Structures are given as structure tokens and as C-alpha cells.
Amino acid sequence: MKQKDSKIEKSLVFFEDYFITASITLLALFLGINHFLIINSNPIGIPFIDTYFVDKFKNLLTSEDGTLISIASIFIGIYFTVFTLFSNIKVDSTFSILEQENFEKLLKYIRNAFIGAFIYLVFALFTSVDPKNPDFTLLVLTLILLLYMLLSALRFGIVIYIIFNTDIKKYYELIELEKVKQKERDQLFIRLKNFLDSEEKKRWEDYHKNIASKFDKEKDG
């Protein structure tokens, strides 16, 4: 069981730290090398992949560019909201039970995702793809930024789910522990109140006895 958990943890670490960079780098290298081979008439190149990428991605950018910009804007709004929540964490907040390592990890991924979405938004607003004569380098650069934005959002969602799924159990344990402590405090308060009431009653009884004793002495005298 421990070995299985260890493998899962290693897989998550790879996904969190290397998956996005490795995926984008390999894809960009593959497209770039294939395009270089084609323009140099090398038989190793695969024209179908180059043509398919240019045509499909060009059509996506020219027809759905407004949608992609809207998605980037939504991501930025979400990340900014989460940053705001983190900056106003209270002691009784769910975020407060996160371990320091997980909290720092979340901050790093939110920061990276925010930067990725912001860069794509600015890049998309100030560049345009020529439908008739698209620039291959511009297409690849746009693809890199788009994939980084989308994969960063995916990573953030998966990581925050895993972290909260783990730490929320501790949260409920803390709630149960707090209930037990509160019950003990209530019982202690009741015992203390009963003791003080008893002492107060005893004090008044002694006081009345002293008054009665003095009254009897004066009466006898």
C-alpha cells in the first residue's frame, strides 16, 4: 500500500512540476523540426502534420480568437479572486488548515497560471494571424502560450482538488476535536459555577449565623 501511495505521489510530483514544460517543449520541437525538414525538402518531414496544424490552428485563431480571449480573461478573474481570498485568510477559514507546503504550492501554481493567462491575453490582443498567409513561428508561439494557459489551469484545478481532499479530512478532525474541547470547557464552567454558587451560599449561611448569634447574645445580655 505504501509503495502504491509512493508511486502515486511521484506521478503527481511529475505532473505538477514537469508535465506542462515537457509537453509544450516536445510538441514545439516536433512541429518546428518537422517544418524545418519540409521547407528543406527533406523526405523525413511529414507534410500532412505541418499542413494540418497550420490550417486547423489558423482557423481556430481566426474564428474563435474572441472566445479564447474571453477564456483568458475569466481565468485571470478567477486567479485574482483566489489571491484575494488568500490575502484575507482568517483563523477559522478552511484555507487556514492547509499545510505550509501545500499553501506555498498553491500560491506558486496560481501565480504561474495568472502570469500565463495574462501573457496570452496581451499577446492575443496585440497580434493577429493572417488567414491567407499565416506565419508559422507566430502560430507555434501562440500555441505554446495557449497550451500553457490551459494546462496551468488544469494543473491548478487538479492540485487544489488533491490538496483540499487531503487537508479537508484534517479540517473535520479539528472540528471534532474542537467540539470535544468545547464540551470539556462547558463542563468545567458548570462545575466552576456550581462551586462558586455553593461557596456563595455557604458564605451567606455563615453570615446569617453570625448575625443570629450576635442577636442572641444581645438578647441574653
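Position 1 is the first residue of the sequence; numbering continues from there. Values below: every heavy atom of this structure, side chains too, minus hydrogens, waters and symmetry copies. As the structure is a prediction and not an experimental result, all values here were calculated from the model.
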With a 4.5 Å cut-off on side-chain heavy atoms, are [Y] and [X] touching?
X      : Y      : value
Phe83  : Leu107 : yes
Leu138 : Phe123 : yes
Asn112 : Tyr148 : yes

Do Ile144 and Phe126 belong to the same hydrophobic cluster, where Ile, Leu, Val, Met, Phe, Trp and Tyr are linked whenever their side-chain heavy atoms lie under 4.5 Å apart, directly or via other members?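 Yes, same cluster.
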
When rounded to the nearest 0.5 angstrom, what is the spacing between [atom1] in [X] and [atom2] in [Y]?
X      : Y      : atom1 : atom2 : result
Leu139 : Leu143 : CG    : CG    : 8.5 Å
Leu121 : Ile76  : CG    : CD1   : 4.5 Å
Leu141 : Asp135 : CG    : CG    : 9.5 Å
Ile20  : Leu147 : CD1   : CG    : 10.0 Å
Ser152 : Ile110 : OG    : CD1   : 12.0 Å
Leu150 : Ile71  : CG    : CD1   : 7.0 Å

Give me the atom names and distance for the closest heavy-atom approach of Leu68 to Met149. O-CE, 4.5 Å

Where do Tyr79 and Phe156 come nearest, in terms of heavy atoms and distance? CE2-CD2, 4.0 Å

Can you sort out the partners of Arg185 under side-chain contact (heavy atoms from CB on, under 4.5 Å), two or more places apart, ordered by chain and number? Glu178, Lys181, Gln182

Please table the atom pairs, donor to acceptor, closer than 3.5 Å between any side-chain atom in residues 25-39 and protein atoms at least two apart or in another chain.
residue: Thr25; atom: OG1; partner: Thr21; partner atom: O; Å: 2.6
residue: Asn34; atom: OD1; partner: Ile46; partner atom: N; Å: 2.7
residue: Asn34; atom: ND2; partner: Ile46; partner atom: O; Å: 3.0
residue: His35; atom: ND1; partner: Asp50; partner atom: OD1; Å: 2.9
residue: His35; atom: ND1; partner: Asp50; partner atom: OD2; Å: 3.4

Do the ring centers of Phe75 and Tyr120 come within less than 6.0 Å of each other?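 Ring centroids of Phe75 and Tyr120 are no less than 6.0 Å from each other.
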
